[in-house]
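Okay, structure first, notes after.
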2 protein chains.
Amino acid sequence: MDKQSIWSIDKWENELSRSGCRITRPRRVILNIIAASSRPLTPMEIFDQARAVTPNIGLVTVYRTVEKLEGLKLIDRVHHLGQCQTVFRGTRGHQHLLVCTECGRSAYFDGLEAEKQFTTIGNSHGYKITGHWLQLSGLCQECQKKETT
Amino acid sequence: MDKQSIWSIDKWENELSRSGCRITRPRRVILNIIAASSRPLTPMEIFDQARAVTPNIGLVTVYRTVEKLEGLKLIDRVHHLGQCQTVFRGTRGHQHLLVCTECGRSAYFDGLEAEKQFTTIGNSHGYKITGHWLQLSGLCQECQKKETT
DNA sequence: GTGCTTGCAAATTCTTTGCAACTTT
DNA sequence: AAAGTTGCAAAGAATTTGCAAGCAC
């Protein structure tokens, strides 16, 4: 677990209690798993990892915790392999995701200059732009190596 | 149904038969519904509309037809309201989608200059970019009017 | 103690599969 | 006639809900 993860967990727990939620053991476990992951995870994957730590945790708790974290914008929903139930730790400020199509390893990159164009594009179609979704996909370093092997 | 839709349907039927598929009545109905829609539709929505025309059509046929159309890239999967099973007629050339968060009305816009940056962004993280997903959301003209009402 | 959480079991919802009858080419 | 397609019913997944017992604050 890197510095960033630790940083996230503290922040997440603060956010959670600030919004009236309780910090329970199952939640702490789920938080840690998501924060430590280098790739987006499905509810089931989170559940499996969580069970290794707390065998009697319920899948339902995963769903409910994920829902809460998403509501607080602490995690993001990611498009990956036709799934959109996978989640990844949220962006800090204005960033977008870069996902490896092979292994799922993900990284954030900063917003583009281009985003300024979005309003203009919207206008030309009569839309008032309120948001955008941008995600790049490709092969991470590891998976590029495997390709050539 | 506008010109664009008619144009799509002819093209779609050509593509379908060219890939060894048969043009059947249920398929024609589904094709027409998707081509004529100004917003992304879920399998169930397509089914409901189709039933109005062919009461004994099966939901299964919708799933199977959608799968086929998607495989031929004639329709695109769209992110809308947490769903990613909704589909919309495909892009022509290099375009991206603009979706109304209220009513779903959608339009395509041309690719951005900015896309040239994507490769560079990828490189700086060690990724080899193979694709990107960009979708804008906002309020369409109709829904902006309703807001002020 | 109060009120949020948990895990279980059951209920829903969504999607896929097996198959015999039926169309398209 | 051959090969792809259809709709039904059933199977399988994925997700949500009701609820009594259990914790966090």
Side-chain angles (χ1 to χ4, degrees), chain A residues 9-10 12-33 40-72 74-75 77-87, chain B residues 9 12-34 40-72 74-75 77-87:
Chain A
I9 292 203
D10 282 352
W12 291 3
E13 294 199 353
N14 283 342
E15 289 287 324
L16 274 175
S17 33
R18 232 166 21 86
S19 66
C21 297
R22 269 137 204 211
I23 312 298
T24 62
R25 177 160 161 68
R27 274 187 188 160
R28 225 185 272 267
V29 172
I30 294 170
L31 257 55
N32 271 289
I33 289 168
L41 300 171
T42 62
M44 191 54 84
E45 287 172 324
I46 297 171
F47 179 55
D48 283 337
Q49 290 191 37
R51 238 185 333 193
V53 185
T54 318
N56 63 333
I57 195 173
L59 177 54
V60 199
T61 303
V62 175
Y63 276 101
R64 289 193 276 225
T65 304
V66 162
E67 188 182 18
K68 204 140 256 173
L69 292 174
E70 206 192 343
L72 294 172
L74 299 179
I75 61 178
R77 222 161 259 281
V78 175
H79 237 320
H80 186 226
L81 303 175
Q83 280 265 344
C84 67
Q85 283 297 2
T86 55
V87 296
Chain B
I9 292 204
W12 291 3
E13 295 199 353
N14 282 343
E15 288 286 325
L16 274 174
S17 35
R18 225 160 33 80
S19 66
C21 297
R22 272 138 202 210
I23 312 298
T24 62
R25 175 159 162 69
R27 274 189 187 157
R28 224 185 273 266
V29 171
I30 294 170
L31 256 54
N32 271 289
I33 289 168
I34 299 178
L41 301 170
T42 62
M44 192 53 84
E45 287 172 323
I46 297 171
F47 178 55
D48 283 337
Q49 291 190 36
R51 240 187 328 194
V53 184
T54 316
N56 63 333
I57 195 174
L59 176 55
V60 200
T61 304
V62 175
Y63 275 101
R64 289 193 277 224
T65 303
V66 162
E67 189 182 19
K68 205 140 254 173
L69 291 173
E70 207 192 344
L72 294 172
L74 300 179
I75 62 178
R77 224 161 257 281
V78 175
H79 238 318
H80 187 226
L81 303 175
Q83 280 266 341
C84 66
Q85 284 296 3
T86 56
V87 296

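In what follows, chains carry the letters A, B, and so on, assigned in the order in which the sequence lines appear, proteins first and then strands, with residues in each chain numbered from 1.
Note: CZ (B/R18) to P (C/dT25) measures 16 Å, nearest angstrom. The separation between B/E45 atom CD and C/dT13 atom P is 16 Å, rounded to whole Å. Nucleotide D/dT6 holds its P atom 12 Å from the CZ atom of B/R28, rounded to whole Å. Note: CZ (A/R77) to P (D/dA14) measures 15 Å, nearest angstrom. Here D/dT5 presents its C1' atom at 12 Å from CG of B/L16, a figure rounded to the nearest Å. Put simply, CD1 on A/I57 is 14 Å from P on D/dC23, counting in whole angstrom units. Put simply, CD on A/E67 is 15 Å from C1' on D/dA14, counting in whole angstrom units. Remark: P of D/dT17 and OH of A/Y63 are 13 Å apart, rounded to the nearest angstrom.
For B/R27 against D/dG4, a side-chain-to-base donor-acceptor contact under 3.5 Å is absent. Under 3.5 Å, the side chain of B/R64 and the base of D/dG4 form no donor-acceptor pair of N or O atoms.
Of the possible donor and acceptor atoms, none in the side chain of A/T54 sits under 3.5 Å from a partner among the backbone N and O of A/R51. When atom types are taken as modelled, the side chain of B/R77 and the backbone of B/T86 share no donor-acceptor pair closer than 3.5 angstrom.
Residue A/P43 places its side chain closer to D/dT15 than to any other of C/dT6, D/dG7, D/dT15. Checking D/dG4, C/dG7, C/dT15 against the side-chain heavy atoms of B/R22 singles out D/dG4 as nearest.
Side-chain N/O atoms of A/Q85 include none lying less than 4.0 angstrom from OP1 or OP2 on D/dA14. At C/dT6, one or more side-chain N or O atoms of A/T24 fall inside 4.0 Å of OP1 or OP2 (strictly under the cut-off).
With salt bridges taken as basic N to acidic carboxylate O contacts below 4.0 Å, one links B/R18 and B/E15. The existence of a salt bridge linking A/E13 and A/R28 is confirmed by a sub-4.0 Å separation between a basic side-chain nitrogen and an acidic carboxylate oxygen.
To the nearest 0.5 Å, atoms OG1 (A/T65) and CG (A/L16) are separated by 8.5 Å.
With the nearest nucleotide of DNA chain C identified for both A/K68 and A/V60, A/K68 has the one nearer the 5' end.
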